[in-house]
Protein chains: 2
Amino acid sequence: MAAKRSGAQSKRSQRVGVSLQSVQEPRSEPPLSLERIVAAAIELLDAQGIDGLKMRRLADRLGSGVMSLYWHVNNKEDVFDLALDSVLEYRGPPQIVESQDWRGEVVHMLEDWRASMLRHPWSALLLPRRALGPNILSRLELLSKTLSRAGVADADLNVAIWSLWNYVMGATITRASFDLSDDDRAAAQQHLTRCSERYPTIERSRLLLDNDWDGAFRKGLDFLLDGLAPRQ
Amino acid sequence: MAAKRSGAQSKRSQRVGVSLQSVQEPRSEPPLSLERIVAAAIELLDAQGIDGLKMRRLADRLGSGVMSLYWHVNNKEDVFDLALDSVLEYRGPPQIVESQDWRGEVVHMLEDWRASMLRHPWSALLLPRRALGPNILSRLELLSKTLSRAGVADADLNVAIWSLWNYVMGATITRASFDLSDDDRAAAQQHLTRCSERYPTIERSRLLLDNDWDGAFRKGLDFLLDGLAPRQ
DNA sequence: ACCTGAACACCGTTCAAGT
DNA sequence: ACCTGAACACCGTTCAAGT
């Protein structure tokens with residue numbers, strides 16, 4: 001993934017002598033680094049979306065020439081991969097208690113996963129196309145371990161993981177891409193009303209106006225967990 | 001969506017007189033039309049993927065200049081929208097019987113949905129970003145109607161629809177984008193094995209090698225339907 | 001009504017240098 | 001080790017015409 005960087009990231013030189021000067025000229029950019037690039041990429045993606053990330057724009061934000069980026073990164077794909085995995089870091093639950101409440105743990109993990117992605121809506125759209133970075137794998141590992149400890153048989157483990165993964169990804173991607181403005185949503189529903197002879201049922205239930213996404217997510221998740229729960 | 005086409009699509013002139021000649025020169029392209037453009041776009045997407053669809057390449061395939069496309073279509077987005085909805089047309093179940101087996105119907109509809117998308121893997125990746133075309137809405141309508149007739153209360157209908165939608169979309173998108181070659185999959189699992197101290201559980205369960213996608217899809221779907229089924 | 005080529009603005013990346 | 005500008009290949013689309 002990351003190209004030819006040496007172990008230079010810990011260099012972060014602390015030349016305290018210039019700190020007063022740098023107050024005067026706060027625009028003197030620190031040197032380029034993978035961390036700065038990834039951070040700027042995330043900002044840019046948050047602000048402008050997937051199509052808004054251009055190498056030149058990224059370089060502008062960092063106060064460097066475009067081609068400087070290419071010393072730290074192989075290509076644009078790299079930037080996407082790094083931004084995505086960076087955003088999915090899991091800061092586990094506060095307590096490390098060996099809880100008995102496996103179901104609560106799983107729900108917490110998956111809701112956190114979804115929340116992390118919704119904080120950066122582009123990440124949900126990006127995930128399917130990208131490699132599984134270390135943070136994603138860690139989340140999968142933790143989920144597996146919890147289910148396994150809860151008593152899910154090894155033979156059922158993969159089905160459980162993939163069912164939950166599919167559901168969470170689907171819910172998050174849908175939510176992230178259907179999160180229209182109120183105007184857009186109203187317009188869509190109105191379009192539906194105009195065609196109400198063709199789509200009477202979804203028009204009546206006002207499907208496109210319903211936006212209790214969190215509640216719907218939680219309910220479907222509960223159904224899945226009911227089914228996946230180990231029998232005793 | 002579609003730009004300034006007149007009602008010209010039914011023109012399909014049958015000048016039988018030239019039919020013999022056209023055997024001689026089978027490369028004489030028929031005139032451009034929305035249908036031909038969409039069909040060619042689907043072919044191109046099937047062959048080269050999302051990034052492989054370029055306006056110039058599309059024009060080449062159709063034996064026309066690039067800019068000719070723009071008379072039939074507003075822009076590239078249009079091509080995506082049309083190709084996507086075209087691929088999602090639902091040819092319902094053969095019998096129109098008012099079946100009692102609502103659950104079987106729902107499973108059939110959703111498996112067909114998934115199968116249609118997997119036949120054109122780019123469609124799964126494309127769907128989240130696009131508007132809901134008529135074929136997608138028809139599928140949603142049919143699903144709603146079936147669930148409603150089965151006894152799902154109006155208040156629960158939207159949750160049911162969105163849960164199923166989320167699950168199907170997640171499963172399909174995941175399947176479409178994780179459908180690596182055997183080599184790639186083995187390489188990914190090997191990478192996991194190298195880091196097995198960090199990911200012991202998913203390494204042990206060989207998560208990335210598991211490829212009973214259809215079975216896993218079906219099982220998770222059953223769990224959801226168990227939960228969504230109307231109580232009596 | 002339908003098609004076209006030239007041209008523009010833009011974008012990712014190669015290359016050959018610079019320090 | 002790190003950064004740079006010039007240049008290339010490519011791509012979506014505007015425009016002003018053609019028939």
Side-chain angles (χ1 to χ4, degrees), chain A residues 1-13 15 27-38 40-41 44-45 47-83 126 129-130, chain B residues 1-13 15 27-38 40-41 44-45 47-83 126 129-130:
Chain A
M1 262 183 183
K4 331 119 196 176
R5 81 202 123 123
S6 57
Q9 33 238 45
S10 57
K11 236 189 237 167
R12 212 164 293 205
S13 58
R15 290 184 279 142
R27 270 289 137 257
S28 86
E29 307 284 353
L32 233 40
S33 70
L34 244 201
E35 292 84 24
R36 284 192 67 227
I37 292 176
V38 173
L44 196 50
L45 285 163
Q48 321 245 20
I50 292 184
D51 294 333
L53 178 58
K54 325 249 159 142
M55 295 305 269
R56 289 173 219 257
R57 227 181 272 180
L58 187 54
D60 273 359
R61 285 213 170 202
L62 292 162
S64 75
V66 207
M67 293 316 298
S68 312
L69 300 174
Y70 285 82
W71 195 88
H72 302 266
V73 140
N74 273 325
N75 46 37
K76 197 178 170 182
E77 301 277 283
D78 255 21
V79 180
F80 278 128
D81 284 339
L82 292 166
L126 224 44
R129 294 221 252 171
R130 311 262 133 223
Chain B
M1 263 182 182
K4 330 116 195 181
R5 81 202 123 123
S6 58
Q9 34 238 46
S10 56
K11 235 188 237 166
R12 212 165 294 205
S13 58
R15 288 185 280 144
R27 268 290 137 254
S28 86
E29 307 284 354
L32 233 40
S33 70
L34 244 202
E35 292 84 25
R36 283 193 68 225
I37 291 176
V38 173
L44 196 49
L45 284 163
Q48 321 246 18
I50 292 184
D51 295 333
L53 178 59
K54 326 250 159 140
M55 296 304 270
R56 289 174 219 257
R57 227 180 273 180
L58 186 53
D60 273 359
R61 286 213 170 202
L62 292 161
S64 75
V66 206
M67 293 316 297
S68 313
L69 301 173
Y70 284 83
W71 194 88
H72 303 266
V73 139
N74 274 325
N75 47 38
K76 196 179 169 179
E77 301 278 283
D78 255 23
V79 180
F80 279 128
D81 284 339
L82 293 166
L126 225 43
R129 295 221 251 171
R130 312 264 131 221

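Everything numeric here is computed off the predicted structure, so don't read it as measured data. Chain letters run A, B, ... following the sequence lines, proteins first, then strands; residues in each count from 1.
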[X] [atom1] - [N] [atom2] separation (whole Å):
X	N	atom1	atom2	result
B:M55	D:dC11	CE	C1'	11 Å
A:R56	D:dA6	CZ	P	12 Å
B:L53	D:dG12	CG	C1'	12 Å
A:Y70	C:dG12	OH	P	6 Å
B:N74	D:dG12	CG	P	16 Å
B:W71	D:dT13	CH2	P	18 Å
A:D60	D:dT4	CG	C1'	14 Å
A:L69	C:dT14	CG	P	13 Å

key: Side-chain N,O (B:S64) to OP1/OP2 (C:dC3) below 4.0 Å   = no

ask   = If only side-chain N and O atoms of B:H72 are considered, is one of them under 4.0 Å from the OP1 or OP2 phosphate oxygen of C:dA1?
value = no

task = Return the nucleotide paired to C:dA16: Watson-Crick means purine N1 to pyrimidine N3 with N6-O4 or O6-N4, wobble means G-U with N1-O2 and O6-N3, both under 3.5 Å.
result = D:dT4

query = Considering every strand shown, what is the Watson-Crick or G-U wobble mate of C:dC11 when both distances are under 3.5 Å?
reply = none

ask   = Does the side chain of B:F80 come within less than 4.5 Å of B:L45's, by heavy atoms?
value = yes

Pairwise P distance for D:dC2 and C:dA17, with rounding to whole Å = 22 Å

[atom1]-[atom2] distance between [X] and [Y], expressed to the nearest 0.5 angstrom:
X	Y	atom1	atom2	answer
B:I37	B:R61	CD1	CZ	14.0 Å
B:L69	B:D78	CG	CG	11.5 Å
A:N74	A:E77	CG	CD	10.5 Å

query = Quick one: does A:R56's side chain have a donor or acceptor within less than 3.5 Å of a partner on A:V66's backbone?
reply = no

Side chain of [X]: nearest nucleotide among [options]?
X	options	result
A:K76	C:dT4, C:dT13, D:dC3	C:dT13
A:M67	D:dT13, C:dC11, D:dA6	D:dA6
A:P31	C:dC3, D:dC11, D:dC3	D:dC3

